Novice: 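Please see the structure below; I have some questions.
Quantities reported herein were computed from a predicted structural model and do not represent experimental measurements. Residue numbers begin at 1 in each chain, while the letters A, B, ... track the order of the sequences.
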Amino acid sequence: MEYLSIVFQEVYKILFLLVPVLVSVAMIVWLDRRVWAFVQKRQGPNVVGPFGLLQSLADALKYIFKEIIIPSSSNKVIFILAPIVTMTLALIAWAVIPFSATQVLADINVGILYLFAVSSLGVYGIIMGGWASNSKYPFLGAIRSAAQMVSYEVSIGVIIINVLLCVGSLNLNDIVIAQQNMWFVIPLFPMFVIFFISALAETNRPPFDLPEAEAELVAGYQTEYSGMMYAMFWLGEYANILLMCAMGAILFLGGWMSPIDVYPFTLVPGAIWLILKILLLFILFALVKAIVPRYRYDQLMKLGWKVFLPLSLIWVVLTSSYLFYFNLLPVN
Amino acid sequence: MIAHAIFFYTFSIIAVVSAIMVTASKNTVHSVFFLILDFISISCLFIMIGAEFLGMIMLIVYVGAVAVLFLFVVMMLNVAQQKNQWFAGQQSSKHIPVGLIISTLIFVEVIIVIGGWKYKPEIFDINNSIAQTSISNTHSLGQILYTDYIHVFQISGMILLVAMVGAIVLTFRQRSGVKRQSYIKQISRERAEGVEVLEVQSNKGVKIDD
């Protein structure tokens, strides 16, 4: 009986985390399209519900009622598994995101490594989908995306090392608390910029959306997918984008901490601050989508390996020598 | 404790079954996917014994990077057909002695390790004392790696670096006749280099060298 009650408690906690995440994914799709439209002086989705807020729900309903087509020459098991993997990986990462000092599902010691590991697994959904479709465009898209995600993960990893040098712990709450006096975005500003661009590449967002470049590859790895399976890819993609924004907010923008440590601001719960910071980063993501043209593939790889990797490595050396010279290395 | 046992047996059964499936499945891409499943379940086992850093690094390095490259190579080379030919042909029997020798060696090594553990348990107490201290797994790993084993650690890093440089040198070849694009050159083109204004006489035309 005791076990059962523990299990039920955990299930409640997980539901309280996952349902808001899923709803906000739907809302964020609407926000993305809306921002994109406003940049181009259009209205965007504004018909369904107030300000078009229910547009994503209407889309989801449409996807549910569409037929799921499985190509006869595809590898059926892997073809069906691929969107499930994408979706699951995008959602399980939220387990370690701290919404305040105490509101976190799993406060593990290696939280940032867990986040990094899960985001690096995200490539499998795309590769599986691309390969199992057994068709040329999805396969090309999958190969592009694998190369792209592996190369940009390297620079994200090195940027995380920069932050960890200043924190001295892999726990996400420790990372947030270490920014009490100054957000890391100020001393590590170049790293924040590189992190933001790498996050764009890691989540296959424009201007780095070459895996699904519609002008060349139809829709890349999603070409053969339809109905709810396509919607799952799509939800997983946006959940990943939100996750990257949350990672940026925690690593550089002080996570759930209020920007100014004075009375009326500290009353606002940490979750609200974190959500506001995630939204800020997401609006930046959406603006980039609207105003930047797509990169050429060789330039994308060149940027990852020849610019970002050396820059972030040099910054690791700089940060560690600064911390060592002024005896600021965190000790616990 | 019961929950712990349930999780342990689940992960270890998945690990063993997927390890068998890596060799047994006929499609090479499926073998790589089973290999990935194996890596994941083993990293879960690492986390269960308290080696969370090792488990996460296993996930990041093996599953996140190495297995992706494996998949890449297997998908590009289309090894699946070749493997089927190996199975069909008489050639596969040639590989049996080599496989037997290697597996016997590994078996003997495992026997030695387990035997040593049973025979002299005090050797392994050193490791246990480290695991039971109050500091976290990551801290204790760092404290050992960068103090007692710094030279071994650095040397292994250097070996990896040398291997990487070697691999790049071996596969690097300068191909002639390949048109390369340099975006610095492309962006820094001036109007004077690209455009030429000519007076064209009627019925004569101009010769433009290209």
Novice: Answer with side chain, backbone, both or neither: which region of B/L69 has an atom nearer than 4.5 Å to a non-hydrogen atom of chain A?
Specialist: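 The answer is neither part of B/L69.
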
Novice: So which part of A/A142 gets closer than 4.5 Å to some heavy atom of chain B, the side chain, the backbone, both or neither?
Specialist: neither

Novice: Quick check on the interface: out of A/V123, A/I78, A/V77, who has the most heavy-atom pairs with chain B under 4.5 Å?
Specialist: A/I78

Novice: Against chain B, label A/I127 side chain, backbone, both or neither, depending on which of its atoms sit under 4.5 Å from a heavy atom there.
Specialist: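 Both parts, heavy atoms under 4.5 Å.
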
Novice: Which pairs would a plain distance check flag for residues 159-172 of chain B, meaning a side-chain donor or acceptor within less than 3.5 Å of a matching protein atom at least two apart in sequence or in another chain?
Specialist:
residue, atom, partner, partner atom, Å
B/T171, OG1, B/A167, O, 2.9
B/T171, OG1, B/I168, O, 3.3

Novice: Where the side chain of A/Q148 meets the backbone of A/F208, is there a donor-acceptor pair that is under 3.5 Å apart?
Specialist: yes

Novice: Is there any side chain to side chain donor-acceptor pair (under 3.5 Å) pair reaching into residues 297-307 of chain A, and which pairs are they, with sequence neighbours excluded?
Specialist: A/R296-A/D298

Novice: Measuring heavy-atom distances to chain B, does A/I143 have an atom under 4.5 Å in its side chain, in its backbone, in both, or in neither?
Specialist: both

Novice: Is any side-chain heavy atom of A/L170 less than 4.5 Å from a side-chain heavy atom of A/I108?
Specialist: no

Novice: Going through the distances and angles, do A/N240 and A/T203 end up as a side chain to side chain donor-acceptor pair (under 3.5 Å)?
Specialist: CA-CA 7 Å; A/N240 257 329; A/T203 50; over 6 Å; no

